[in-house]
Chemist: 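Let me give you the structure first, and then I'll get to my questions.
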Amino acid sequence: MNFKAIIEEIYQKIKVVEDKGELASYIPELAYVDSENFGIHISTLEQGNFGIGNYTDKFSIQSISKVLSLALAYRMLGEKIWKRLGVEPSGTPFNSLVQLEVDNGIPRNPFINAGAIVISDILISHLENPKDDFLAFVRSLSNNSELNYSHEVAASEKEIGFRNVALCNFIKSFGNIENDPTEVLDFYFDLCSLEMNCQELSEAFLFFANNGRRTVDNLSILTKSQAKRINALMQTCGFYDESGEFAFKVGLPGKSGVGGGIIAVHPNQYTIAVWSPKLNKKGNSYKGMRFLEDFTTKSELSIF
Ligand code: GLU
């Protein structure tokens, strides 16, 4: 399979299509990004790696970090994390409060904000230095010791994060947050502010395509079953209210973020990261979605 030729061809095509998306502006700092950026990087298990466009420029990975924080909590605590959150698509917006009332403070899944806030709480309870330890985990996965949080983006989100504050306090009222909500939110905002480029992102996620094992040394990050389960969650819950559409058009597990990044995983084959900052109406990268749809169509490879 000549991934390079396929990526080059689709990149040239999508680069010039009219971008009907909008920059996420509810986090003020995200609106300063150059909306023309467009980068792609594929990391494969057997056919090498390839990047094109702005694939070495860092961006705010936002909700994509929710997969990595889940992986760390799952690695450390195993199945008992599922007592604190569910595994069903929510069918409501990613920052919604309504279901929590009827569900007694148990978030529907780890990729809506409520679920990621509970995972942040779990990590705070079990890590000695949560921010440093999480960073060390992601650095080891992407083989880059310089990855970091963006203090500007975290501060910017803190200023407008009223809904996340409400979510965290609401969950705490049901007893499903153990720590001080201020500390939990501070960690959550930092997680969302993590900056990575497409190359680092596709490298960091490659263990999801490799049955839970890091490719450089075969170290087990997650068991095969755990990797399968997180891939299943990415498939069903990874794209806001468009997860069905992504499965329908692209056919791969993945996760997007409001910074315009998307990571997609083809188990036993590759991971591919795409970044284009303008978002469609559902909050997913407009060009990123278009690119990935063409990519699995042209390569005739998907999990289905
Ligand atoms: N930090 C963002 C928020 O909590 C994450 C949004 C996203 O990428 O889904 O609103």
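Start at 1 and go down the list; that is how both ligands and their atoms are numbered. Not measured: the values here are computed from a predicted model.
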Chemist: List every atom of ligand 1 that sits less than 4.0 Å from any heavy atom of Gly257, numbering the atoms from 1 in the order shown and giving each element.
Modeler: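 Contacts of ligand 1 toward Gly257, numbered from 1: 8 (O).
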Chemist: Could you grab the distance from atom CG of Asn143 to atom CG of Leu141, nearest 0.5 Å is fine?
Modeler: 9.5 Å
Chemist: Show me which atoms of ligand 1 lie under 4.0 Å from any heavy atom of Tyr240.
Modeler: 7 (C), 8 (O), 9 (O)
Chemist: Salt-bridged, Asp121 to Lys172, with N to O below 4.0 Å?
Modeler: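 Looking at Asp121 and Lys172, the cut-off is not met.
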Chemist: Which of the numbered atoms in ligand 1 are under 4.0 angstrom from any heavy atom belonging to Asn164?
Modeler: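 Heavy-atom distances to Asn164 below 4.0 Å select 3 (C), 4 (O), 10 (O).
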Chemist: Atoms of ligand 1 less than 4.0 Å from Phe94 heavy atoms?
Modeler: 6 (C), 9 (O), 10 (O)
Chemist: Just jot down the ligand 1 atoms closer than 4.0 angstrom to any heavy atom of Cys192, in number order.
Modeler: 1 (N)
Chemist: So which atom in Glu79 and which in Tyr74 form the shortest heavy-atom distance, rounded to 0.1 Å?
Modeler: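 Nearest pair, atom of Glu79 first, then Tyr74: OE2-OH, 2.9 Å.
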Chemist: Report yes if some N/O of Ser256 lies less than 3.5 Å from some N/O of ligand 1; otherwise report no.
Modeler: no
Chemist: For ligand 1, which atoms sit closer than 4.0 Å to a heavy atom of Tyr26?
Modeler: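 In order of numbering, the contacting atoms are 2 (C), 3 (C), 5 (C), 6 (C), 10 (O).
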Chemist: Please list, in number order, the atoms of ligand 1 under 4.0 Å from a heavy atom of Asn113.
Modeler: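 Under 4.0 Å from Asn113, ligand 1 has these atoms: 3 (C), 4 (O), 10 (O).
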Chemist: Taking CZ in Phe174 as the centre, count heavy atoms belonging to other residues, nucleotides or ligands within less than 6.0 Å. Is the count above 12?
Modeler: yes
Chemist: Checking side-chain polar atoms at under 3.5 Å, does Asn284 have a donor or acceptor matched by the opposite partner on Ser256?
Modeler: yes
Chemist: Less than 4.0 Å between a side-chain N and a carboxylate O, is that true for Glu146 and Lys58?
Modeler: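 The answer is no: the pair does not qualify as a salt bridge.
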Chemist: How far is atom 4 (O) of ligand 1 from the closest protein heavy atom, and which atom is that?
Modeler: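 Answer, as residue, atom name and distance: Tyr188 OH, 2.7 Å.
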Chemist: Mind checking whether Tyr270 and Phe3 have ring centres under 6.0 Å apart?
Modeler: yes
Chemist: Heavy-atom pairs closer than 4.0 Å: do any link ligand 1 to the side chain of Arg163, the backbone, both, or neither?
Modeler: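 Contact part for Arg163 vs ligand 1: neither.
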Chemist: Restricting to non-hydrogen atoms, name the atom on Leu45 and the atom on Asn268 that form the minimum distance, rounded to 0.1 Å.
Modeler: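 Taking Leu45 first and Asn268 second, the nearest heavy atoms are CD1-C, 3.6 Å.
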Chemist: What are the two closest non-hydrogen atoms of Phe246 and Ala264, and how far apart are they?
Modeler: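 The pair with the smallest heavy-atom distance is CZ-CB, 4.4 Å.
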Chemist: Below 4.0 angstrom from a heavy atom of Ser63, which ligand 1 atoms are there? Numbered from 1 as shown, please.
Modeler: 5 (C), 6 (C), 7 (C), 8 (O), 9 (O)
Chemist: What residue and atom, counting heavy atoms only, is the protein's closest point to atom 5 (C) of ligand 1, and at what distance?
Modeler: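 Looking at atom 5 (C) of ligand 1, the protein heavy atom closest to it is Gln62 OE1, 3.3 Å.
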Chemist: Considering heavy atoms of the protein only, find what lies nearest to atom 3 (C) of ligand 1 and give residue, atom and distance to 0.1 Å.
Modeler: Glu157 OE2, 2.9 Å
